[in-house]
Amino acid sequence: MSQLTSYQKITLLFVCFLLMLACETSRDQKFNDRKVSFNSDWNFYLNDSIKDNDTIGTATQWRTLNVPHDWSIEGEFDEKSPAGYGGGALNGGLGWYKKTFKVAVEDSTKITSITFDGVYKNSEVWINGHYLGKRPNGYIGFQYDMTPYLKYGENNNEIIVKVNNSKQPNSRWYSGSGIFRNVWLETTDKLHVAQWGTYITTPKVSAEKATVEIEIRIKNQYAASKKATVTTTIFKEDTKVTSVTQDITIGGNSNQTIKQNTEVETPILWSVETPELYTAVTEISLDDKIIDQYKTNFGIRDFKFDTEKGFILNGKQVKIKGVCLHHDLGPLGAAINTRAIERQLEIMKEMGVNGIRTTHNPPAPELLDLCDKMGFIVMDEAFDMWKQTKTKYDYGNDWDKWHKKDLVDQLLRDRNHPSIFIWSIGNEIPEQWNETGVTIAKELVAITRQYDKTRPITAAMNPPVNMNIDEVTLQFEKKNVQFNAIAKSAVLDLIGYNYAHQTYEHHQKNFPNTPFIATETTSGLQTRGYYDSVSDTIKKWPVRWDLKFTEGNPDNTVSAYDQVQTPWGSTHEATWKVIKKYDFLSGMYIWTGFDYIGEPTPYEWPSISSYFGIVDLAGFPKDVYYMYQSEWTDKTVLHIFPHWNWKAGQTVDVWAYYNNADEVELFLNGKSVGVRSKKGDDLHVMWRIPFQAGTLKAVSRKNGKVVLEKEIKTAGNPALLKLTADRNSITADGNDLSFITVDIMDAKNVLVPTANNEISFSLKGNGKIVGVCSGDPVSHESYKGSKHTALSGKCLVVIQAGNQADNLELTANAKGLQSKTITITTK
């Protein structure tokens, strides 16, 4: 062989580089092909929502749509709905989905499965007339092997899904109905990593080194035994970090779990500020050919809950500043959309939130993926009830047969997420007060520890301990302490408090050996933009949880000053003052981050959505949002409220939330009305002044120097519309969303805070309007319409991109107002 020239060497190196890239590309392609979206082009039919006619036939009128899909959100609000106002006054019913599809001939030697991330509820599935199974739980993912029943090379494979949400009430909030989470078609070799088949832990973590332990469940569906090589490579973004290889022999038609160990040098740790992720790619090879590839994202972090110091992450004390979130996405209903979830989390992050509780069921996988990437401390909750029901047709009816399977599947699915730090086995369980609850709790804890020993287990108890508290001195007598049976049993790793904030400071006396977490707190109530005339009187609405509420406001509003609470809860300020005071209180999850459909406490019909949220149903912050922002972030905050449109001479309470300053001075039309400073543990300051039209100006100062200035002006009559998109450019993938805020302005471009005009919308281009909302808990207008009435001068419209790049033109019109058009580019 002759000597290669320099040019030939360079060419050879370049060819090798291209071959290497091709190998990497094919490897990625193989992974991508294992699991593909199965969301498009379903046919849907809804039987009579009330009479529950369990039939379909050749004359059935099918409608074509994409999933995720929630049929209930498309209906009309109905006072007589079996779901009740607690369920959002929207009907369930019985629905059918079907889809025809083709499976390639070359896949006939492989395994083809279908995975549903969640179907609400009582789903049953058939493929080509063969029954695959039933899953009552609407919140859990499940998979069926379709291989034996498929017609390869033909395009008339038919899958049918029956969804039965007709027996109601089965939920204490709005559940939604249908295939409301993603669907996946998964194709694998007969030798492959099983569904949710990896488990990655990092038992030893230091700045110098992290030990990584990997458990892999391998499934062999060949009749013969196989000798294979299993390689797991860990990447940090695109850079290879380490790799481990193992040869195995696995018997025919059998499963095998193997363990691999490796180390990561100088690991980059996951934290809420820097949520760094690693990726483990597990490959199975036969005869030097890669036949299966399975990707697992994970994080490296060290944490513990301590009886003295609370929550410690990577050696640093971190206060959990969390919120509870229900699964609905406001006007989008229960049909999940990744961008909509991301927007909710962005709004929470901006407030200073670092924790999410998945109330009260397993969440969509996309929520956990986003929490991993964005840095949230997640409490992953399994059940809202055990065997004893809370509503007539709820999960308690399925408990005996399904609870173990559902819990195990949740643990297998979720346990690699670095954002999850706590497992919750239940919320406000009726059995918590007796030994039946202790027995069930012990079973659930044992199951959880079997599948994950790395995280503490709690239950959201209301309360863990009953104490005869003196409202003035907050003192109690030992003889009056009554312990919750589950809390007293010592079966839990964390004592989870729902409310009872007066008892928090006594936690170390009551539970000296078990750390604290406030699983659910506050339950403050507000309507965005509405204010009662006197703000410094605390109201408890309803008077008692089991009594009909007969007080309140005629229009079912609640003051947006932090002054209205439930009798079991508190104002926002009251609970946070306690949590921030003591190191041993690891943190809190507030009820709730966002308003949600259903459970309109303290009211009944005509209210149909909640008042609990710090942010309303449309995603617009209420005023208390800025109290948390001033306490929970490093941002410099000065927020004054209410609006400045009142009757002449009317006495108005003006509040200010502020930070990074010593004082705030308030000016009305240029004249000072006083300087206020927070005293003691105050979280806001207040002025009580007569209204005079004009400009209200607040100035915060530190050491005599101006920090921030904020103004509120009296608005004139509504004159024009202002459109603001959260993103003016989105992806043309058929899923991406732009959330457009509509503000009603006067002729001088000042927001009109009392405006409630009806706004109509029209859209040109390859996209569609998928949601409209104002955040009004009493509105019965459809969230899926093309018009909506504003609340306190604001409204939201949600635009979804089509599958082709285009310029979308949204036009908003309101009678007597100047119309407005905004352009959203899809790429």
Side-chain angles (χ1 to χ4, degrees), residues 85 330 522-542 549-566 569 571-573 592 594-597 599-627 639-647 650-657 684 686-689 691 696 712-715 718 741-744 750-759 773-781 788-796:
Y85 58 85
T522 310
S523 277
L525 305 166
Q526 297 98 21
T527 300
R528 176 184 57 79
Y530 172 81
Y531 308 91
D532 285 341
S533 58
V534 177
S535 69
D536 55 356
T537 300
I538 302 299
K539 304 175 183 180
K540 293 186 179 181
W541 289 1
F549 185 53
T550 57
E551 302 173 20
N553 298 323
D555 55 357
N556 282 26
T557 51
V558 181
S559 176
Y561 294 115
D562 184 19
Q563 66 174 135
V564 186
Q565 64 174 78
T566 60
T571 63
H572 287 273
E573 292 192 8
T592 55
F594 275 74
D595 278 338
Y596 53 94
I597 305 170
E599 204 172 17
T601 305
Y603 296 110
E604 300 178 0
W605 179 271
S607 295
I608 46 82
S609 66
S610 78
Y611 296 79
F612 293 114
I614 299 167
V615 175
D616 75 13
L617 206 64
F620 302 138
K622 302 176 187 178
D623 294 290
V624 77
Y625 180 96
Y626 301 96
M627 184 276 284
H639 177 74
I640 55 171
F641 62 100
H643 59 77
W644 205 238
N645 274 57
W646 302 93
K647 295 179 181 178
Q650 181 178 354
T651 299
V652 181
D653 289 354
V654 178
W655 285 32
Y657 296 127
H684 75 273
M686 187 192 89
W687 299 260
R688 180 165 287 163
I689 58 177
F691 172 73
L696 200 63
I712 301 175
K713 294 178 181 292
T714 303
T741 298
V742 184
D743 291 319
I744 300 174
V750 175
L751 177 72
V752 184
T754 56
N756 58 354
N757 303 62
E758 182 183 80
I759 306 169
C773 185
S774 67
D776 184 357
V778 189
S779 173
H780 294 171
E781 297 169 286
H788 214 77
T789 301
L791 173 69
S792 301
K794 300 179 82 70
C795 186
L796 179 79

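For clarity, every value in this text was computed on a predicted model and none was experimentally measured.
- In this structure, A715 and P753 approach most closely via the heavy-atom pair CB-CD, 4.0 Å.
- Among D616, D595, D562, the single residue meeting the side chain to side chain donor-acceptor pair (under 3.5 Å) criterion with K622 is D595.
- Judged purely by atom type and a 3.5 angstrom limit, S779 uses its side chain to pair as donor or acceptor with the backbone of E781.
- The two atoms that bring H639 and F641 nearest to each other are CD2-CD2, 3.4 Å, heavy atoms only.
- Here W541 contributes atom CH2 and T566 contributes atom OG1; the two are 13.0 Å apart, rounded to the nearest 0.5 Å.
- Each of Q565, M627, Q563 was checked for a side chain to side chain contact (heavy atoms under 4.5 Å, CB included) with H572, and the lone residue meeting it is M627.
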Test side-chain contact (heavy atoms from CB on, under 4.5 Å) applied to I759 and I744, step by step = CA-CA 10 Å; I759 306 169; I744 300 174; 4.3 Å; yes
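- Atom CG of L751 sits about 10.0 Å away from atom NE2 of H643, to the nearest 0.5 Å.
- For the residue pair T571 and E573, no side-chain donor N or O sits within less than 3.5 Å of a side-chain acceptor on the partner.
- The closest side-chain donor-acceptor pair between Y531 and D623 falls under 3.5 angstrom.
- Between V534 and R688, the closest side-chain pair of non-hydrogen atoms falls below 4.5 Å.
- The shortest side-chain heavy-atom distance between K539 and E551 does not fall under the 4.5 Å cut-off.
- A distance-only check finds a donor-acceptor pair linking the side chain of H780 to the backbone of P606 [under 3.5 Å].
- The distance from the CG atom of L617 to the CG atom of L791 is 11.0 Å, given to the nearest 0.5 Å.
- Side-chain contact between I689 and F691 is absent, with no heavy atoms from C-beta onward closer than 4.5 Å.
- Among all heavy-atom pairs drawn from K713 and V750, the shortest one is O-CG1, 3.9 Å.
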key: Derivation of the side chain to side chain donor-acceptor pair (under 3.5 Å) call for N556 and S607   = CA-CA 7 Å; N556 282 26; S607 295; 2.8 Å; yes
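- T714 places a side-chain N or O within 3.5 Å of a backbone atom of W644 that can act as its donor or acceptor partner.
- Using bins of under 30°, 30° to 60° and over 60° for the plane-to-plane angle, the ring pair Y657/W655 lands in the perpendicular bin.
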ask   = Where do Y603 and Y611 land on the ring pair (Phe, Tyr, Trp, His ring centres under 6.0 Å) test, with the steps shown first?
value = CA-CA 9 Å; Y603 296 110; Y611 296 79; 5.6 Å; yes
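- One finds the SG atom of C773 at 8.0 Å from the CZ atom of F620 (value rounded to the nearest 0.5 Å).
- In this structure, the side chains of Y561 and P642 come closer than 4.5 Å at one or more pairs of heavy atoms.
- In plain terms, the two heavy atoms of A790 and G793 that are nearest each other are CB-C, 4.3 Å.
- The two residues S774 and A618 come nearest to each other via the heavy atoms C-CB, 4.1 Å.
- Side-chain atoms of S559 come within 3.5 Å of backbone atoms of D532 as a donor-acceptor pair (strictly under, hydrogens ignored).
- Within the 4.5 Å cutoff, the side chain of T601 has heavy atoms near those of the P542 side chain.
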request  = Please test I640 against I712 for side-chain contact (heavy atoms from CB on, under 4.5 Å), starting from the C-alpha separation and ending with a verdict.
outcome  = CA-CA 8 Å; I640 55 171; I712 301 175; 3.6 Å; yes
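- In this structure, T789 and D776 have side chains that are not in contact, with every pair of non-hydrogen atoms separated by 4.5 Å or more.
- Contact between P621 and G619 at its shortest, heavy atoms only, is CD-O, 3.6 Å.
- In this structure, the side chains of F612 and L525 come closer than 4.5 Å at one or more pairs of heavy atoms.
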